[in-house]
Visitor: 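Shown below is the structure under consideration.
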Number of protein chains: 2
Amino acid sequence: MPTIKDVALAAGCSTATVSRALANPEKVTEATRKRVASAIAKVGYSPNLAARNLRRSESRTIVVLLPDIANPFFSEIIAGLEDIAHREGYRVLLGDCEHDTGRAKAYFDLLPTNQADGIILLTAEIPLTLVTQQARGSQIPLVMACEYFDQLALPTVRIDNPLAAARAVEYLASLGHQRIASITGPMQNPICIDRVKGYQSEMARQSLAVNPGWIVEGDFGFLSGYQQGQVLLAMPQEHRPTAIFCHSDEMAIGLMKAARDASIQVPEALSVIGFDNIGLSEYCQPELTTVSQPRDEIGRCAMRLLLDVLRKKQVPHQQVLSTQLIVRASTTQAPKS
Amino acid sequence: MPTIKDVALAAGCSTATVSRALANPEKVTEATRKRVASAIAKVGYSPNLAARNLRRSESRTIVVLLPDIANPFFSEIIAGLEDIAHREGYRVLLGDCEHDTGRAKAYFDLLPTNQADGIILLTAEIPLTLVTQQARGSQIPLVMACEYFDQLALPTVRIDNPLAAARAVEYLASLGHQRIASITGPMQNPICIDRVKGYQSEMARQSLAVNPGWIVEGDFGFLSGYQQGQVLLAMPQEHRPTAIFCHSDEMAIGLMKAARDASIQVPEALSVIGFDNIGLSEYCQPELTTVSQPRDEIGRCAMRLLLDVLRKKQVPHQQVLSTQLIVRASTTQAPKS
DNA sequence: GATCTTTATGTAATGGATTACATATGATAA
DNA sequence: TTATCATATGTAATCCATTACATAAAGATC
């Protein structure tokens with residue numbers, strides 16, 4: 001592999017000039033710039049980034065931590081993130097934590113050694129100490145997207161979860177539903193807490209009673225939706241919910257399977273709302289009513305925010321993007337009971 | 001950030017000794033090893049990998065190229081890959097090519113500059129020249145998984161696609177189906193060509209005629225399954241297939257939606273087989289009969305293979321893993337016509 | 001005891017790009 | 001014409017870990 005020395009030799013100048021021609025073209029004559037350019041082409045040079053990173057103490061790598069790559073919800077966010085990153089000359093290192101905090105620590109450790117310049121957190125399922133410890137010495141370049149720690153005022157891109165949940169419940173209430181249940185995500189997760197709050201406040205606003213048994217906890221996956229769906233649907237007829245708001249589309253689809261197993265017709269006997277609007281939600285049976293998040297835009301915003309942090313720009317603490325209720329076939333008028 | 005010099009100072013030895021204590025502990029006395037260890041703990045040292053990589057000209061990073069992160073089929077493969085990689089001290093850089101060859105080239109360019117040590121290709125949708133060009137000078141550390149170039153004898157982990165397709169067709173034939181169609185993946189893709197071959201040879205073995213209109217090309221996604229499904233189901237009754245073998249689960253689910261739209265009952269009037277056994281296939285309606293690939297194992301094998309290549313071990317050219325037909329509710333006896 | 005090994009450690013070169021500082025060149029002003 | 005300044009380029013130090021080579025100390029052999 002040719003080095004900058006080879007280029008300097010071929011161009012008849014010093015390595016410093018070659019370096020300048022690349023990094024600060026305005027500091028070099030038109031003529032030398034051209035000579036360097038053709039020398040580079042001739043010897044087939046491309047800079048050794050290990051050396052550059054060592055010297056500049058940066059890596060142009062952004063770590064993106066997520067709880068589970070397999071979750072299709074994240075893929076479009078990632079696409080948005082990567083698009084901005086590549087455009088700005090950054091690389092994205094995806095870190096799948098698989099709910100394993102050891103992994104997360106390993107990724108955080110890339111920062112002080114200049115193997116990564118910043119972190120975007122798509123999960124709050126990491127030890128809080130990782131964030132605070134490091135932030136103590138010097139503010140680490142960290143941006144959260146979708147999820148957040150409510151104890152910490154980190155730059156965050158997110159949706160208004162209480163509002164989105166309230167809208168979903170409001171819609172169900174407008175269809176005449178009174179017994180509205182919810183299958184939540186993990187309840188240590190602030191976004192789930194917020195959605196439950198939105199659910200509860202809207203139920204109150206609609207003067208609807210909330211049976212404590214109607215709030216059940218899942219983990220966003222198909223299976224937990226199925227299992228918790230079985231629990232909800234096994235309730236005695238007079239308590240059984242006629243509508244269920246799920247914190248993810250996968251759980252909603254799991255729930256619909258549980259309904260099929262119990263011979264409960266969706267939407268006639270049970271309305272279902274999901275969350276996220278993943279690709280699948282248009283292809284399941286019945287098509288799923290769901291809360292759509294602007295995933296691509298979330299990714300783009302988060303990466304722009306982080307790059308601004310790296311460039312020491314002032315950044316807004318919170319960026320709240322809007323959601324949309326997408327009505328499809330899994331919701332309808334409440335059954336007459 | 002403390003450097004190796006700080007450690008040397010704290011331990012009262014030279015940097016060389018510190019380096020050896022870390023890399024070749026057996027070359028150092030028990031006593032110094034301990035002194036170094038406690039010095040490291042004291043100053044909070046962790047090696048600067050940019051410097052190490054520069055010196056060793058390696059990066060301990062493996063690039064994994066895939067056509068589309070959003071495709072859940074890949075996520076479990078990735079999980080397998082990453083598990084092995086992390087265990088062996090390697091990092092995984094996921095490269096989403098999004099069917100865009102420019103991106104692929106950018107990732108290949110990481111190799112000569114020692115930003116990556118090797119590549120695992122989960123896609124054949126890249127310019128072949130990328131592989132051959134580089135391979136000319138010196139064999140680049142490259143392993144393929146799932147997909148392959150049939151022109152090239154690269155180390156590959158894969159399944160027996162013709163056989164898997166033939167088994168699916170055989171099963172449909174055993175149910176009495178005679179008009180069996182197929183929605184394929186992109187036909188420039190060798191795995192799809194092989195599956196079509198398997199389909200055709202099994203059809204021949206079963207003495208079943210193949211209407212050329214029964215082989216339609218999709219792109220593995222929901223939508224293409226839906227659209228091509230509409231085409232197949234719009235055929236006149238006497239030519240319309242009673243069973244369709246799809247090259248992906250997403251297409252199979254798209255197809256089932258097309259069938260619902262056309263009021264064609266699955267499986268009573270139409271049997272559907274998918275491919276991959278993604279999580280969703282158990283939760284769609286009806287549950288999908290599909291060909292399962294050992295995805296986790298494919299990932300593990302591929303990474304082990306690549307690490308063996310990097311360690312200059314002899315590696316087998318082909319590693320063929322077995323598939324399994326998972327019978328669920330989307331297939332049944334052919335309708336009497 | 002003298003010589004040869006073996007083992008532990010230190011010294012200094014190395015990898016490749018960047019950049020502070022030094023120098024040379026040409027332009028501008030007095 | 002000479003002094004002053006701006007601009008272009010070169011020299012060499014720097015980033016940090018690794019490792020070839022040198023050296024010193026301890027042990028083995030006759």
Visitor: Tell me, please, which residues at least two apart from A:D308 pass side chain to side chain donor-acceptor pair (under 3.5 Å).
Guide: none
Visitor: Donor-acceptor pair, A:N24 side chain versus A:K27 backbone, under 3.5 Å?
Guide: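 No: the side chain of A:N24 does not pair with the backbone of A:K27.
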Visitor: What residues, two or more places apart in sequence or in another chain, satisfy side chain to side chain contact (heavy atoms under 4.5 Å, CB included) together with B:A85?
Guide: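 Listed in chain order: B:Y90, B:V92, B:M303.
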Visitor: Please report, rounded to the nearest Å, how far the P atom of C:dA12 is from the NZ atom of B:K5.
Guide: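 Taking atom P of C:dA12 as the reference, NZ of B:K5 is at 13 Å.
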Visitor: What is the distance, to the nearest angstrom, from the CG atom on A:L9 to the C1' atom on D:dG10?
Guide: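 In whole Å, D:dG10 C1' lies 15 Å from A:L9 CG.
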Visitor: Under the side chain to side chain donor-acceptor pair (under 3.5 Å) test, which residues partner B:R56, sequence neighbours left out?
Guide: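 Counting only residues at least two positions away or on another chain, B:R56 forms no side chain to side chain donor-acceptor pair (under 3.5 Å).
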Visitor: Considering the terminal five base pairs at each end of the helix from C:dG1-D:dC30 to C:dA30-D:dT1, what angle separates the two local helix axes, rounded to 10°?
Guide: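 For the helix from C:dG1-D:dC30 to C:dA30-D:dT1, the axes at either end differ by 40°.
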Visitor: For A:M1 and C:dA17, what is the distance between atoms CE and C1' respectively, to the nearest whole Å?
Guide: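 Going from A:M1 (CE) to C:dA17 (C1'), I get 14 Å.
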Visitor: Does anything in residues 22-36 of chain A come within less than 4.0 Å of DNA chain D? Heavy atoms only, and list the residues if so.
Guide: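 DNA chain D contact set from residues 22-36 of chain A: A:V28, A:T29, A:T32.
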Visitor: Sequence neighbours left out, what passes side chain to side chain donor-acceptor pair (under 3.5 Å) with B:S59? Give chain and number order.
Guide: B:D117
Visitor: Taking CD1 from A:I4 and C1' from D:dA12, how many angstroms apart are they, rounded to a whole number?
Guide: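 Spelled out: CD1 on A:I4 to C1' on D:dA12 is 14 Å.
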Visitor: Ignoring hydrogens and angles, tell me if any N or O in the side chain of A:T156 forms a donor-acceptor pair with the backbone of A:L154 under 3.5 Å.
Guide: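 Here the side-chain-to-backbone pair exists.
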Visitor: Specify the residues of residues 39-56 of chain B, ordered by number, for which at least one heavy atom lies under 4.0 angstrom from an atom of DNA chain C.
Guide: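 Of all residues in residues 39-56 of chain B, the ones placing a heavy atom under 4.0 Å from DNA chain C are B:A51, B:L54, B:R55.
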Visitor: Can a donor-acceptor pair be found, under 3.5 Å and without considering hydrogens, that links the side chain of B:R60 to the backbone of B:E88?
Guide: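 Side chain of B:R60 to backbone of B:E88: a pair is present.
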Visitor: Applying side chain to side chain contact (heavy atoms under 4.5 Å, CB included), can you list everything that pairs with A:L9, at least two apart in sequence or on another chain?
Guide: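 None.
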Visitor: Considering every strand and a 4.0 Å limit on heavy-atom distances, what is the contact class for A:T17: base, sugar-phosphate, or nothing?
Guide: sugar-phosphate
Visitor: Between A:S19 and C:dA17, is there a contact of a side-chain N or O with OP1 or OP2 at under 4.0 Å?
Guide: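 Looking at the OP1 and OP2 atoms of C:dA17, neither is under 4.0 Å from any side-chain N or O of A:S19.
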Visitor: Applying side chain to side chain contact (heavy atoms under 4.5 Å, CB included), can you list everything that pairs with B:A11, at least two apart in sequence or on another chain?
Guide: B:C13, B:V36, B:A39
Visitor: A:S57 side chain to A:L54 main-chain N or O, any donor-acceptor pair under 3.5 Å?
Guide: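 No; zero donor-acceptor contacts below 3.5 Å.
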Visitor: In chain order, what residues pass the side chain to side chain contact (heavy atoms under 4.5 Å, CB included) check against B:T3, with sequence neighbours excluded?
Guide: B:K5, B:D6
Visitor: Would B:R103 and B:D96 pass as an ion pair if we require N to O under 4.0 Å?
Guide: no
Visitor: Can you give me the N/O atom pairs linking the protein to nucleotides 25-28 of chain C at distances under 3.5 Å, or say none if there are none?
Guide:
none

Visitor: What pairs with B:R33 under side chain to side chain donor-acceptor pair (under 3.5 Å), at least two apart in sequence or on another chain?
Guide: B:E30
Visitor: Any base atoms under 4.0 Å from A:T3, or only sugar-phosphate, or nothing? Heavy atoms, all strands.
Guide: sugar-phosphate
Visitor: How close or far is atom P of C:dA17 from atom CG of A:D6, stated in whole angstroms?
Guide: 9 Å
